[in-house]
Amino acid sequence: MSDSTPTTSTVDPETVIPAPRPGDPEITPEVVEAHGLSPEEYERVVGVMGRTPTFTELGVFSAMWSEHCGYKNSKRLLSLLPTEAPWVIQGPGENAGVIDVGDGMALAFKIESHNHPSAVEPYQGAATGVGGILRDIFTMGARPIAVLDSLRFGDLDSGRNRYLFAGVVKGVGDYGNCVGIPNIGGEVFFDRAYDGNPLVNAMALGLMKREELIKGEASGTGNPIMAVGARTGRDGIHGATFASEELSEDSDEASRPQVQVGDPFTEKLLLEASLELIRSGHIVGIQDMGAAGVTSSASEMAGRAGSGVELEMADVPVREEGMTPYEILLSESQERMLVAARKGREEDVRKILAKWELEAEVIGEVTDDGYFRILEDGVVVANIPALPLTDGCPTYEREGIEGDDVKEARARDLTEFLAPEGDLTDPFLRLLGSPNIASKRWIYDQFDTTVRTSTVVRPGSDAGVVRLRGSRKAIAATTDCNGRYCWLNPREGAKAAVAEAARNLVCTGALPTAVTNNLNFGNPLKPHIYFQLREAVLGMAEACSLFETPVTGGNVSLFNETDGVAIYPTPVIGMVGLLDDVDQATRAFFTHEGDAILVLGETREEIGGSEYLYREHDLVAGEAPLVDLLAERRLQHAVLGMAQKGLLRSAHDCAEGGLAAALAESAVGGEKALGVKVELTSRLAPVAVFFGESTGRVVLSCAPDDESRVLDTARHHGVPAARIGTVGNEGGAFAIRTPLGSIETSVNEVRTRYFGALPALMERTRSEEPV
Amino acid sequence: MKVAVITFPGSNCDYDCYHALKTLGGFEPEFRWHGDRELKGVDAVFLPGGFSYGDYLRSGAIARFSPIMEAVRDFARSGGPVVGICNGFQVLCEAGLLPGALLANESLLFRSYDIHIRVETLRTPFTSAYERHQVLRIPIAHGDGNYHADDEVLAELEGEDRIVFRYVSPAGDLTPEANPNGSAHHIAGIVNESRNVLGMMPHPERAVEPVLGSTDGAGLFASLRAHLEGALA
Amino acid sequence: MSRFDIEVRVKPRPGLLDPQGKAIHHALESLGYPGVGEVRVGKVIDLTLEADSEAEARERADEMCRKLLSNPVTEDYQLRVRASAGKEAEG
């Protein structure tokens with residue numbers, strides 16, 4: 001801060017009342033409403049302030065008390081989640097969660113949504129989503145080592161959805177590729193429920209030495225606060241409030257100026273500079289200027305440290321002339337950091353930033369009066385007690401009542417759909433062509449998956465694996481959630497998401513360790529949506545407790561609705577796991593002709609919520625597949641034991657498309673397309689045996705000599721297991737039979753369908769992309 | 001043997017090159033900063049992959065003006081071995097140390113997966129450890145890898161045995177599907193006239209350990225080591 | 001010293017394959033615009049420059065184009081130089 005700035009620190013902060021700035025709108029009920037605050041919330045603002053807020057102050061409150069920053073509709077529910085374990089170093093509340101991975105190393109990881117920005121401008125929305133989550137990781141002191149992406153779109157027969165999908169994939173790719181972080185997996189799901197409301201959740205993992213952990217705290221009275229990185233422009237002003245509102249049909253045009261533009265090159269420099277800065281000891285705290293920019297980063301850093309901050313807006317490096325304090329405070333320009341430096345080290349900080357061709361400017365200092373105070377050329381324009389601002393956001397527990405449409409859909413009798421018997425090859429091949437089942441290679445071929453030369457298992461298998469250089473260890477990660485199950489039964493659906501994530505990890509040979517979650521829901525003010533939110537959190541809490549995978553943080557994205565229609569409740573689970581020996585990493589694909597194929601777990605006559613029903617009968621109905629958490633846990637222990645003993649040639653979770661799809665994926669996903677000959681004895685409806693999505697099942701292959709040991713291990717853990725067939729020759733027959741039905745084709749046909757579907761769908765897009 | 005790995009702002013494979021050199025042994029890799037003016041007595045230079053200066057304007061266009069590039073140019077002129085990988089190849093073309101240019105992939109999409117390349121010539125310091133027409137499996141990861149040069153230059157490259165690697169099918173054939181980016185003559189890598197400057201789009205440093213899925217890139221480093229040992233002997 | 005507005009238009013050289021142009025051509029056709037001929041995609045770079053005369057400004061801009069702003073292997077460029085409206089450069 002310049003010497004001429006009058007300091008207010010000797011004055012009682014409560015008595016500092018900012019005068020209205022010339023040109024600021026008057027605070028009317030309309031202005032309050034436009035800021036997304038209810039009349040009751042505004043009353044609370046006035047109560048906290050003891051007076052009418054200025055326009056600048058109102059902007060600050062509206063950002064901090066939005067759902068995005070304040071979690072006002074989800075906070076009480078989130079407190080139900082298990083967050084602790086001996087290996088958790090940092091739980092929820094920081095930029096990212098951190099766990100101990102041994103050898104003095106710690107892993108930071110988090111998932112975050114960028115749904116609304118991506119709906120408006122898919123490329124920039126997705127790109128800046130990746131940028132934001134990477135900053136969350138490296139502001140903890142960790143070097144990012146992998147990203148994953150969890151995506152949802154409407155069906156691809158719509159040109160708009162193809163445009164959104166292509167733009168998001170390119171945005172995720174271009175940003176991560178440029179920064180040089182490998183993409184190791186994720187998921188994508190298509191369903192008309194996401195028409196108009198695509199979901200873009202990005203997850204990142206980073207590694208650090210334990211002692212390098214740094215927090216987002218502004219402590220030490222008199223320490224300078226510095227703005228670091230890119231300059232501040234008028235990008236995305238009020239993005240945080242915007243991200244918490246429903247999209248209406250005209251939001252496409254009206255919202256355009258709010259879109260932030262990403263600069264991955266600056267991000268890469270910022271990453272290197274930040275890590276150097278953290279290791280230099282010149283700073284006490286650092287935080288990304290993410291949603292709600294300076295406002296949230298400065299007030300949260302003060303809030304965590306129990307201090308205050310005083311910032312001079314005239315000292316913030318800006319990109320455009322004539323920006324008001326309101327605009328500077330709420331700008332969401334990307335690739336910026338807020339740093340609390342040690343007093344007297346300002347020049348050292350600048351020097352490090354300059355090495356990376358970046359700027360660092362002192363814009364204020366840490367105070368001890370507990371106030372968030374903003375000056376413009378020395379004149380106070382905002383003066384707000386910091387704690388009520390960050391922690392005083394009203395939280396709501398709302399009424400939750402299950403929607404009648406869901407009850408009806410769930411009660412639907414599905415008997416008629418179980419009738420088909422005999423040759424089911426045609427529906428099988430159609431199902432393989434569904435973008436929910438077909439290979440996602442079209443997506444991840446656009447992502448750099450091998451940069452950093454540590455990727456052991458690339459996208460396309462059950463979970464991605466990166467080795468930890470210099471040790472035998474490796475880390476696995478996955479994201480999972482089936483929104484259809486969650487719509488039919490949010491509690492069971494959320495359990496299924498946690499169970500599937502854990503299953504994907506054990507199939508890769510990793511011990512499930514911790515969770516980050518992204519709660520994507522509709523408008524929680526509606527009782528049927530709040531019901532979904534509550535039930536999903538309860539299901540998640542139950543499953544995470546039982547699997548000993550605490551939730552270390554995450555993100556909530558509500559109001560995902562278009563014209564009053566909500567997305568499926570989509571509580572995405574990002575889960576990380578550990579491998580003690582990287583050589584235990586197991587892939588999903590058959591490797592040797594003559595190997596035994598086994599299935600673990602129980603197949604029930606369940607087709608509710610299945611991809612088969614959606615694609616073949618255009619129906620989302622029935623009971624979501626049952627989740628037996630205790631059986632799941634036994635299964636996971638069994639599979640992990642087999643992987644650790646080196647008994648498995650492949651292990652693959654059985655999910656969308658059922659057993660038939662899982663066998664197809666294992667057959668063609670590897671280097672060679674290997675035939676499959678499977679004989680099942682089940683007398684259940686063949687539709688359910690082939691395409692039903694019973695949870696808790698894994699398809700394995702092992703050398704013939706290891707079959708008995710695999711079966712013994714399963715028995716020892718109390719897991720139903722059976723040999724069902726044999727891996728065939730390259731290019732051979734693909735045959736699955738039950739006493740009542742059959743699938744008979746060639747593995748080459750399976751391969752063509754599986755890999756050809758998504759490129760064929762997207763080939764149409766290139767001609768339709770808006771220019 | 002001392003090997004310089006150049007870091008430009010936006011380089012992101014500099015550590016990968018460093019680790020490959022370290023892991024394979026026989027090299028002492030050292031980073032050189034784009035702002036440095038001297039290479040300080042190294043035996044070889046790597047220009048790593050990444051997005052130098054964000055690839056803004058054109059891939060490699062801004063990096064070529066970095067102070068260190070003067071030193072790299074002098075080193076190359078004096079016959080020192082220089083390897084440009086991916087973005088490094090683009091920088092070498094922009095700097096005029098190699099002919100031609102790398103355009104956007106024909107698909108307009110970033111392409112990242114394992115491809116197969118065929119070793120076309122052993123008469124370079126970078127390929128002597130391979131067998132002629134050996135097929136290597138190595139990752140690519142680029143958006144601008146479509147090699148372009150006019151017919152005269154292409155004829156020269158062909159005539160002078162300067163095409164080092166070509167994209168081929170796993171069986172080693174020049175099939176259209178094997179070309180991931182539309183490169184002229186399936187070109188994946190070339191050398192300059194005096195054969196000491198190599199530019200290639202695939203990433204040999206990502207294929208040097210079994211845990212990464214392929215060790216086919218190790219031969220390039222082995223060749224360079226043998227070359228340097230011969231030169232020093 | 002006067003200030004000049006320089007517009008640099010960089011285009012792919014004639015005959016060079018331009019996949020972006022091809023994709024846009026295809027898109028325009030499928031949107032139902034008849035008679036669309038060749039589409040070429042280049043870029044426009046705007047900059048301002050202080051110089052003693054228009055000729056000097058042009059000469060320096062031309063050098064910038066040759067050295068950095070275009071790649072002669074693949075691109076051609078055109079220059080437009082105009083005195084900036086109403087703004088005299090300082091110093």
To the nearest 0.5 Å, how far apart are [atom1] in [X] and [atom2] in [Y]?
| X | Y | atom1 | atom2 | result |
| --- | --- | --- | --- | --- |
| B:Asn12 | A:Ile181 | CG | CD1 | 8.0 Å |
| B:Leu212 | A:Arg452 | CG | CZ | 12.0 Å |
| B:Phe110 | A:Asn177 | CZ | CG | 4.0 Å |
| B:His19 | A:Ser454 | NE2 | OG | 7.5 Å |

Under 4.5 Å, heavy atom to heavy atom, which residues of residues 45-57 of chain B contact chain A?
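From residues 45-57 of chain B, the residues near chain A are B:Phe51, B:Tyr53, B:Gly54, B:Tyr56.
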
Report yes or no: does B:Ser112 contribute a side-chain atom to a donor-acceptor pair with the main-chain N or O of A:Phe447 at less than 3.5 Å?
yes

When you look at [atom1] of [X], are more than 12 heavy atoms from neighbouring residues, nucleotides or ligands closer to it than 6.0 Å?
| X | atom1 | answer |
| --- | --- | --- |
| A:Lys209 | NZ | no |
| B:Arg37 | CZ | no |
| A:Lys355 | NZ | yes |
| A:Glu276 | CD | yes |

Heavy atoms, side chains only, cut-off 4.5 Å: are A:Thr450 and B:His203 in contact?
no

Among A:Lys268, A:Glu267, A:Glu272, residue most engaged with chain B (heavy-atom pairs, under 4.5 Å):
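Among the listed options, the one with the most contacts to chain B is A:Lys268.
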
Which of the residues A:Val582, A:Asp263, A:Leu271, A:Thr266 is involved in the greatest number of heavy-atom pairs with chain B at under 4.5 angstrom?
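The candidate making the most pairs under 4.5 Å is A:Asp263.
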
Need one label for [X]: side chain, backbone, both or neither, based on atoms under 4.5 Å from any heavy atom in chain B.
| X | result |
| --- | --- |
| A:Val169 | neither |
| A:Glu357 | side chain |
| A:Arg441 | neither |

Test B:Arg206 against A:Val451 for side-chain contact (heavy atoms from CB on, under 4.5 Å), laying out the working first.
CA-CA 7 Å; B:Arg206 299 189 189 183; A:Val451 64; 3.5 Å; yes

With salt bridge (Lys or Arg N to Asp or Glu O under 4.0 Å) as the criterion, how do B:Arg111 and A:Asp448 come out once you've worked through the C-alpha distance, each side chain's angles and the decisive distance to 0.1 Å?
CA-CA 8 Å; B:Arg111 305 272 72 175; A:Asp448 194 337; over 6 Å; no

Work out which heavy atom in B:Pro139 is nearest to a heavy atom in A:Arg458; give both atom names and the distance.
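In this case the closest contact between B:Pro139 and A:Arg458 is CG-NH2, 4.2 Å.
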
Testing the basics here: between B:Pro9 and A:Leu269, what is the closest heavy-atom pair and its distance to 0.1 Å?
CB-CD2, 3.7 Å

